[in-house]
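Working notes for the structure below.
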Number of protein chains: 2
Amino acid sequence: MSRPTLQSLAAELSLSRQTISNALNRPEVVRPDTLERVLAAIESSGYRPSALGKALRSQRSHTIGLRLRPVVDGINGAVLDRFLHALTEAAQAHGYRVTLFTADTLEEEIDRFEDLYRVSSIDACALIETFVDDPRPELLAKIGIPTVAFGRPWGSTTSTHHWVDIDGLAGTRAAATWFRESGHTRIGYLGWPAGSGLGDDRRAGWRAACHDLPGADDLDLSFEDGMAEGFAGAGTLLARGATAVVCGSDSLAIGAMSEFRIAFPEAHPLPVVGYDDTPVAAALGLSSVHQPVEEAAQHCVRVLMSLLAGEPDAQPRELLLTPTLVKRAFTPML
Amino acid sequence: MSRPTLQSLAAELSLSRQTISNALNRPEVVRPDTLERVLAAIESSGYRPSALGKALRSQRSHTIGLRLRPVVDGINGAVLDRFLHALTEAAQAHGYRVTLFTADTLEEEIDRFEDLYRVSSIDACALIETFVDDPRPELLAKIGIPTVAFGRPWGSTTSTHHWVDIDGLAGTRAAATWFRESGHTRIGYLGWPAGSGLGDDRRAGWRAACHDLPGADDLDLSFEDGMAEGFAGAGTLLARGATAVVCGSDSLAIGAMSEFRIAFPEAHPLPVVGYDDTPVAAALGLSSVHQPVEEAAQHCVRVLMSLLAGEPDAQPRELLLTPTLVKRAFTPML
DNA sequence: ATGTTCGATTTGAACGATCAAACTATCGAA
DNA sequence: TTCGATAGTTTGATCGTTCAAATCGAACAT
């Protein structure tokens, strides 16, 4: 009644463990008629080789660890949601699984990673939400855990770990350029306060496209993330004569949108662009910068696979993907 | 250089594996001075018992499997996000981990669960998003996998599996009752079309509180989920004289909110209640029904632990938790 | 007839842990 | 002195797999 094993199958067929094992892993060394007999028995018994046995023998748990962040924001959380899904899917395609854990602090996260690794529960780990001078990649490297980060090393870190990121600068630059090409000359920016890496990068994209426009500096505003903040910021921008606005997040953009729609009721699409292309943005008809998160996740898995195969240079250490601008017709609703 | 094992530690101390093992698991059978010596060695070597070795021996992977749904909606997805986090945390407290997988179809989900279980990758599974006549609990029970569902068995199923759910009826009833007590007599309902279990339950709560009000039936509208739909629905309700509205989701409520705010600019809080208490609702100052998701997740883990301990009746087979109504002052923004 | 070679299969050992049983001193009682 | 009980420790077997080496039988060459 209990699940069949190599041993039990072997006994049933009057063969040895190894022959059964070979039938699955190296069929060419097994005599054809034996092979057929074995495969038939495997089929009918529903035998599946134990992942635990394999793991113990190979010292590979085929598992990638990931710290699940506490839920902060339902809007921007959607990107990490997509990443988690894509990572799971990509890992699955390589016979790997994603295991989650939670941690309250950074130290605890590292400890937990180390512990999971040391007890052979995970083979590798994925980092998300990297920040300025993030010490984690280096700490994990010191421990010796194969690691990949979704998010580049912001700040002055001179680390050499593997990472994938999405070129935020290119995204906001594309948005601002779109507005310029449409004839706008007063294009505002609404983003997070300086110092966040991610936010600075996005702001730099707008600046790259607009720095030569007269009075551009007056149209660069910083706010914490949130719809209310976007609403307020848009008000200021409109008062200063802005006719379009690029935002560092969809939250800000949604807020800005409701101000702009009053100022430019006829505009289609509305001269507001968000960032992340969240489902809410799509629902509201907000143009937004779409991040190729699935590609990023796939690359993360590729990197980890090559690290685990002992070929750290099989994949580029750094990969910067380009986002795309999704132009939407505003859905007149709010 | 490689990680220490019972064997290597034993050799180093001129003791046997078992004594090291006993020092950790049954310290009372080890002579005090030996114990001290062993613990010191464990400490200094940084030995951690291999989860793989333990798992193979005990035939327990200490892992709970969960299918990660494709991201559908950034707003309502937040509830499942919270659940995932809470489940991971609760499992962690019991020495268990949560492993994810993806599947495109229902059949694939079951197959994947079965496979993971058969290869000993998971000990148990958690189901989310149960639907009318959901066959999964029964199928998994037939396979013999310890299972708990977050979501009751909707429809005519007479299943006897373990589940936890949140009393949607109580939530919307509380919302509608709140309006009645505030003097409203024309309270509308905006929810999903009949047939979704979850949606029907929530609608029933409003009905329970309002069925005796004249003309209540005219104020009961069905829409697919979405902000635009909520906006449209609210328009109809206002035209029919509604002065307050209970919604089956925050998406609908956000849409409804922007209509109601024009009709009742002075109302504080705004006479709109959403469902799920998502971060967006909180940011907008939308009153909403808060689900005790963390408690639900904790109960899920408790159930699985008792199932794995062979005590299926240690926990109630069915648990219905009561949500709470969060009353918010509307943030005048949109 | 004897040794060589090769294909097919089996055996032993290992991965790292724990249960169960066996062993070895040490002590007290007969 | 001898036996039994007891505390402390060791050995063997097991969980399910795979690598490496050994074995077996048959075909072939000398």
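Chain identifiers are assigned alphabetically (A, B, ...) following the order of the sequence lines, protein sequences preceding nucleic acid strands; residue numbering begins at 1 within each chain. Only this structure's heavy atoms are used, side chains among them; waters, hydrogens and symmetry mates stay out.
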Minimum heavy-atom distance between A:Ile128 and A:Arg67, given as atom pair plus value: CD1-O, 4.0 Å

Check ion pair A:Arg82-A:Glu294 (N to O, under 4.0 angstrom): yes

Closest to side chain of A:Leu6, choosing from C:dA17, D:dT11, D:dT18: D:dT18

For A:Val293, the option from A:Leu80, A:Val164, A:Val79, A:Leu87 that meets side chain to side chain contact (heavy atoms under 4.5 Å, CB included): A:Val79

Gap between atoms CG and C1', on A:Leu13 and C:dA8 respectively (whole Å): 16 Å

Atom pair CD (A:Glu107) and CZ (A:Arg112), whose distance is rounded to the nearest 0.5 Å: 15.5 Å

Sugar-phosphate, base or nothing in reach of A:Ser120, heavy atoms under 4.0 Å: nothing

Close N or O pairs between protein and nucleotides 23-26 of chain D (under 3.5 Å):
none

Criterion side chain to side chain donor-acceptor pair (under 3.5 Å) on B:Arg97 and A:Ser121, from CA distance to verdict: CA-CA 10 Å; B:Arg97 289 183 318 275; A:Ser121 282; 3.3 Å; yes

Stacked cation flag B:Arg60 on B:Tyr96, 6.0 angstrom / 45 deg: no

Stretch residues 20-31 of chain A: residues that reach within less than 4.0 Å of DNA chain D through a heavy atom: A:Ser21, A:Asn25

Gap between atoms CG and C1', on B:Leu15 and D:dT10 respectively (whole Å): 10 Å

Working for salt bridge (Lys or Arg N to Asp or Glu O under 4.0 Å), residues B:Arg69 and A:Asp81: CA-CA 10 Å; B:Arg69 78 222 171 283; A:Asp81 238 36; 3.1 Å; yes

Sugar-phosphate only, base, or nothing, as touched by A:Thr5 at under 4.0 Å among non-hydrogen atoms: sugar-phosphate

d(CD, B:Gln18; P, D:dT11) in whole Å: 12 Å

Length of the CD-C1' vector between A:Gln7 and C:dT10, whole Å: 12 Å

Ring geometry between A:Phe113 and A:Phe101 (parallel below 30°, tilted from 30 to 60°, perpendicular above 60°): perpendicular

Donor-acceptor pair (no angle test) under 3.5 Å: A:Arg3 side chain, D:dG16 base: no

Sugar-phosphate only, base, or nothing, as touched by A:Ser8 at under 4.0 Å among non-hydrogen atoms: nothing

Residue B:Arg17, side-chain atoms from C-beta onward, closest of C:dA8, C:dT10, D:dT11: D:dT11

Spacing of B:Leu39 atom CG and B:Ser44 atom OG [to the nearest 0.5 Å]: 11.0 Å

Within-4.5 Å side-chain heavy-atom neighbours: B:Pro153 and B:Ser159: yes

Listed nucleotide nearest any side-chain atom of B:Ser16, set C:dT18, D:dT9, C:dT10: D:dT9

Contact list for DNA chain D against residues 37-61 of chain B - heavy-atom distance below 4.0 Å: B:Leu56, B:Arg57, B:Gln59

